[in-house]
Enquirer: 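I am attaching a structure below and will ask some questions about it afterwards.
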Amino acid sequence: MTTYDVFQQTFALSLAANALQDTKATLADLQAAIEGLVPLYIAVESGKGLKGWEVVWGPTVWKHPLKPDETDADTGPDNTWYIAHKSGVQFPDGTYDTYIVAIAGTASTFDWVQEDFAVNNVVDFKQFSSNFTSPPTPASSVNDNLNSYISYGTAGAIYTLLNTFAPQSAKSPGNTIVQFLSTVPNTSRVIFTGHSLGGALSPTLALTLQVSKGLQNVLTYPTAGPSPGNKNFASLFASLNSIKKPGGNPLPWQGWNTNLFNTRDVVPQAWSTDPVANPKQNLYNIVGIYGVLNSALRIFIQFLVYIGIGRADDSQVQYTPLQGFSFTQPPPPTPSTLPQFIATVRDQHVNQYEIQLNVFPPKASLVDLYQKHGLQSKTYEEYIVTLPFFELYKVVLRQQKEAELHAAETKKTLW
């Protein structure tokens, strides 16, 4: 049996934060489930290298205040995160006491509308990080050349992660991660990791605590993350988090402080709109990322891309990818329908990272806990809009429904 190295252990614990991604239930049931799922995940994977890891804060599930047309039972988790600890973790440069802050990716429509897709407004990062206990506000005046900015959605998510108390049933109840991390010895290493939305939030969260709290011995391991901010933000992150790779001939995924991305994954293509400055990661790449599409599908994907470009350009900043390393998997078959395109997105955004790192979540072992806590699987439509970038699909569906209702009302009036 293969034993995970420290990079694979980090990725495995990142995946554990996503155990609720395809489910919906009441907040109480989701919280109870994740408190069982993460330790179970660690136990099942103990023979591969997770033995000794223990949850020490959380896990915590957060939901937004529900709207009148939403019910608690029919919504998924908006944010899920936790901290794990292990003594004597073997790194390429030695053995260290280690904490891992693992942040889940997109798991709800709210995530997309209020976190991923809220890129049309930005927040001054230095102002926000100096007062992160207050909700972020969009910058009223933007100077892209002078200041560091992050998207308003990213800032809102970071505010939630920093200011939410662990539930009484979880580890370190009544404490925020800020309070918990203040007790971590300066000699310990603290790794921030996450996939997809978590790949944007984890480096941003780390940098916020470095700038505001002087957190030491920080490493980041984001995967498949979209760009959270502008060029000045990316430069600030790089200035405090230099790339660290082991000696010899490391694999693409063996490195710290870089966003690991699959070149066939649409998510890391967001949100840059400058193909000259960022040729490997920009929204324009999405249309042809799986080959030459048929006319109907190409027009639809172009439509989604142009909506995304418009949102990003409305911010008045040029979103810039964080420093990163990439890998390229064999080309998939070119999709000919929207469901095929979405299936390919899912495969390249999730499965191909698991294949690349040879780390696979033990899904079969989690079924009993899903059933025990009454978790439901999301419908196909609910699943689509949790795929990064495909919240735009919901916009199209809503417009189609409104057009159908309008046509029906017009027909009634005529008759």
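None of these values were measured; they are calculated from a predicted model.
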Enquirer: Please work out whether the ring planes of H349 and Y353 are parallel, tilted or perpendicular, with thresholds of 30° and 60°.
Expert: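 H349 vs Y353 ring planes: perpendicular.
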Enquirer: Taking side chain as C-beta onward, heavy atoms only, is V211 less than 4.5 Å from F125?
Expert: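 Side chain of V211 against side chain of F125, heavy atoms only: contact under 4.5 Å found.
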Enquirer: In the structure I gave you, are the side-chain heavy atoms of T220 and S202 within less than 4.5 Å of one another anywhere?
Expert: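 Of all side-chain heavy-atom pairs linking S202 with T220, none is under 4.5 Å.
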Enquirer: Going by atom type alone, with no hydrogens or angles, which donor-acceptor pairs under 3.5 Å involve a side-chain atom of residues 221-230 and a protein atom two or more places apart or on another chain?
Expert:
from : atom 1 : to   : atom 2 : distance (Å)
Y221 : OH     : W253 : O      : 2.6
T223 : OG1    : G194 : O      : 3.4
T223 : OG1    : H195 : ND1    : 2.8
N230 : OD1    : Y149 : N      : 3.0
N230 : OD1    : F233 : N      : 3.1
N230 : ND2    : D144 : OD1    : 2.9
N230 : ND2    : N147 : O      : 2.9

Enquirer: Under 3.5 Å, side chain of K86 to main-chain N/O of Y99, donor-acceptor pair present?
Expert: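 Absent.
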Enquirer: What are the two closest heavy atoms between P332 and T344, and how far apart are they?
Expert: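 In terms of heavy atoms, the two residues are closest at CG-CG2, 3.8 Å.
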Enquirer: Within this structure, what is the CG-OG1 distance for the pair L197 and T154, rounded to the nearest 0.5 Å?
Expert: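 Output value for this atom pair is 7.5 Å.
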Enquirer: Can you tell me which residue among K63, K24, K67 is in a side chain to side chain donor-acceptor pair (under 3.5 Å) with T75?
Expert: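 Going through K63, K24, K67 one by one, the side chain to side chain donor-acceptor pair (under 3.5 Å) with T75 is satisfied by K63 alone.
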Enquirer: If you look at every heavy atom in P275 and T273, which pair is closest and at what distance?
Expert: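 Distance-wise, the nearest heavy atoms are CD-O, 3.4 Å.
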Enquirer: Checking T71 now: which residues fulfil side-chain contact (heavy atoms from CB on, under 4.5 Å) with it, not counting sequence neighbours?
Expert: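 Scan of T71 (side-chain contact (heavy atoms from CB on, under 4.5 Å), adjacent residues dropped) gives D74.
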Enquirer: Is there a side-chain hydrogen bond (donor to acceptor under 3.5 Å, both in side chains) between T328 and T263 once you walk through the steps?
Expert: CA-CA 5 Å; T328 301; T263 59; 2.7 Å; yes
Enquirer: Can you give me the closest heavy-atom contact between L27 and D72, atom names plus distance?
Expert: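 In terms of heavy atoms, the two residues are closest at N-OD1, 3.1 Å.
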Enquirer: Could you go through F128 and I158, starting from their C-alpha distance and side-chain angles, then the distance that decides it, and tell me whether this counts as side chain to side chain contact (heavy atoms under 4.5 Å, CB included)?
Expert: CA-CA 10 Å; F128 170 68; I158 296 299; 3.8 Å; yes
Enquirer: Is the shortest side-chain heavy-atom distance between P167 and T60 below 4.5 Å?
Expert: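 Yes, at least one pair of side-chain atoms sits under 4.5 Å.
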Enquirer: Assess the side chains of D347 and Q352: does a donor N or O sit below 3.5 Å from an acceptor N or O?
Expert: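 Yes - a donor-acceptor pair under 3.5 Å links their side chains.
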Enquirer: Can you check side chain to side chain contact (heavy atoms under 4.5 Å, CB included) on T193 and L13, steps first, answer last?
Expert: CA-CA 8 Å; T193 187; L13 292 172; 5.6 Å; no
Enquirer: Please check this pair: side chain of W57 against backbone of N175, looking for a donor-acceptor N/O pair closer than 3.5 Å.
Expert: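 Yes; at least one donor-acceptor contact below 3.5 Å.
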Enquirer: Side chains of N282 and Y319: does their closest heavy-atom pair fall under 4.5 Å?
Expert: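 Side chain of N282 against side chain of Y319, heavy atoms only: no contact under 4.5 Å found.
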Enquirer: Please check if the number of heavy atoms outside K126 that lie under 6.0 Å from its NZ is greater than 12.
Expert: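 It does not: K126 NZ has 12 such atoms or fewer within range.
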Enquirer: Decide yes or no on side chain to side chain contact (heavy atoms under 4.5 Å, CB included) for Q269 and I289, but give the supporting numbers first.
Expert: CA-CA 10 Å; Q269 302 299 328; I289 201 166; 4.2 Å; yes
Enquirer: Passes side-chain hydrogen bond (donor to acceptor under 3.5 Å, both in side chains), Q210 versus N241? Steps please.
Expert: CA-CA 10 Å; Q210 287 175 300; N241 299 281; 3.0 Å; yes
Enquirer: Among side-chain atoms of Q356 and Q329, is any donor-acceptor pair under 3.5 angstrom?
Expert: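 Per modelled atom types, Q356 and Q329 side chains form a pair under 3.5 Å.
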Enquirer: Could you give me the CA-CA distance, side-chain angles and deciding distance for T26 and D29, then say whether side-chain hydrogen bond (donor to acceptor under 3.5 Å, both in side chains) is met?
Expert: CA-CA 5 Å; T26 65; D29 286 342; 3.2 Å; yes
Enquirer: Quick check for you: to the nearest 0.5 Å, what is the distance between R311 atom CZ and N121 atom CG?
Expert: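 It comes to 8.0 Å.
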Enquirer: Determine whether a donor-acceptor pair (N or O, by modelled atom type, separation under 3.5 Å) exists between the side chain of Q8 and the backbone of D5.
Expert: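 Side chain of Q8 to backbone of D5, a donor-acceptor pair under 3.5 Å: yes, one is there.
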Enquirer: One pair to check against side chain to side chain contact (heavy atoms under 4.5 Å, CB included): Y306 and I309. What are the steps and the verdict?
Expert: CA-CA 5 Å; Y306 289 146; I309 290 171; 3.9 Å; yes
Enquirer: How about F360 and I355: do any of their side-chain heavy atoms sit closer than 4.5 Å?
Expert: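 The answer is yes; the side chains approach within 4.5 Å.
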Enquirer: Do T183 side-chain atoms and Q179 backbone N/O form a donor-acceptor pair below 3.5 Å?
Expert: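 It does not hold such a pair.
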Enquirer: Does atom CG of N131 have more than 12 heavy-atom neighbours, drawn from other residues, nucleotides or ligands, at distances under 6.0 Å?
Expert: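 Enclosed.
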Enquirer: Going by the rule side-chain contact (heavy atoms from CB on, under 4.5 Å), which residues pair with F91 if we only count those two or more places apart in sequence or in a different chain?
Expert: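 Once residues adjacent in sequence are excluded, the partners of F91 under the side-chain contact (heavy atoms from CB on, under 4.5 Å) criterion are V6, V89, D93, Y96, T98, R189, I191, L219, W256.
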Enquirer: To the nearest 0.5 Å, how far apart are CD in Q316 and OG in S141?
Expert: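 If we round to the nearest 0.5 Å, Q316:CD and S141:OG are 8.0 Å apart.
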Enquirer: Is there a donor-acceptor contact under 3.5 Å from the side chain of D124 to the main chain of A139?
Expert: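 A pair under 3.5 Å: no.
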Enquirer: Quick check: do R264 and P331 have side-chain heavy atoms less than 4.5 Å from each other?
Expert: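 A side-chain contact under 4.5 Å exists here.
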Enquirer: Can you tell me how far the CG atom of N143 sits from the OG atom of S148, to the nearest 0.5 Å?
Expert: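 Result: 11.0 Å between the selected atoms.
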Enquirer: Return yes if some donor-acceptor pair links the side-chain N/O of Q31 with the main-chain N/O of V61 below 3.5 Å, else return no.
Expert: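 A pair under 3.5 Å: yes.
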Enquirer: I need the minimum non-hydrogen distance between L240 and L207, along with the two atoms involved.
Expert: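 Closest approach of L240 to L207, heavy atoms only: CD1-CD1, 3.6 Å.
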Enquirer: Got a donor-acceptor contact below 3.5 angstrom from the T337 side chain to the Q340 backbone?
Expert: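 Here the side-chain-to-backbone pair exists.
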Enquirer: If we only count heavy atoms from C-beta on, is the Y152 to V122 side-chain gap below 4.5 Å?
Expert: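 With C-beta onward as the side chain, the pair stays apart.
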Enquirer: Considering non-hydrogen atoms only, spot the tightest contact between L30 and A25 and give its length.
Expert: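 The pair with the smallest heavy-atom distance is CD1-O, 3.5 Å.
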Enquirer: Would you call I177 and I83 a side-chain contact if the rule is heavy atoms closer than 4.5 Å?
Expert: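 Touching, per the 4.5 Å side-chain cut-off.
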Enquirer: With a 3.5 Å distance limit and no angle check, can you tell me whether T95 reaches the backbone of Q90 through a side-chain donor-acceptor pair?
Expert: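 Side chain of T95 to backbone of Q90: no pair is present.
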Enquirer: Enter the distance from L338:CG to I301:CD1 here, rounded to the nearest 0.5 Å.
Expert: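 Those atoms lie 6.0 Å apart.
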Enquirer: Under 3.5 Å, is there a donor on one side chain and an acceptor on the other for N120 and S315?
Expert: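 No, because no side-chain N or O of N120 sits under 3.5 Å from a partner of the opposite role on S315.
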Enquirer: Between Q348 and A343 (side chain of the first, backbone of the second, donor and acceptor by atom type, cut-off under 3.5 Å), is there such a pair?
Expert: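 Not a single qualifying donor-acceptor pair exists.
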Enquirer: Can you see whether F325 has K245 sitting over its ring - NZ or CZ less than 6.0 Å from the centre and within 45° of the normal?
Expert: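 Yes, K245 and F325 form such a contact.
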Enquirer: Please step through side-chain hydrogen bond (donor to acceptor under 3.5 Å, both in side chains) for the pair N278 and D274, ending with a clear verdict.
Expert: CA-CA 6 Å; N278 305 301; D274 189 343; 5.5 Å; no
Enquirer: Starting at CD of Q318, measure out to CG of N145 and round the result to the nearest 0.5 Å.
Expert: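 Result: 11.5 Å between the selected atoms.
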Enquirer: Where do F132 and T208 come nearest, in terms of heavy atoms and distance?
Expert: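 Smallest interatomic distance, heavy atoms only, reads CD2-CG2, 4.2 Å.
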Enquirer: Tell me whether E45 contacts the main-chain N or O of P361 through its side chain, where contact means a donor paired with an acceptor under 3.5 Å.
Expert: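 No; judged by distance alone, with no hydrogens or angles, the pair does not exist.
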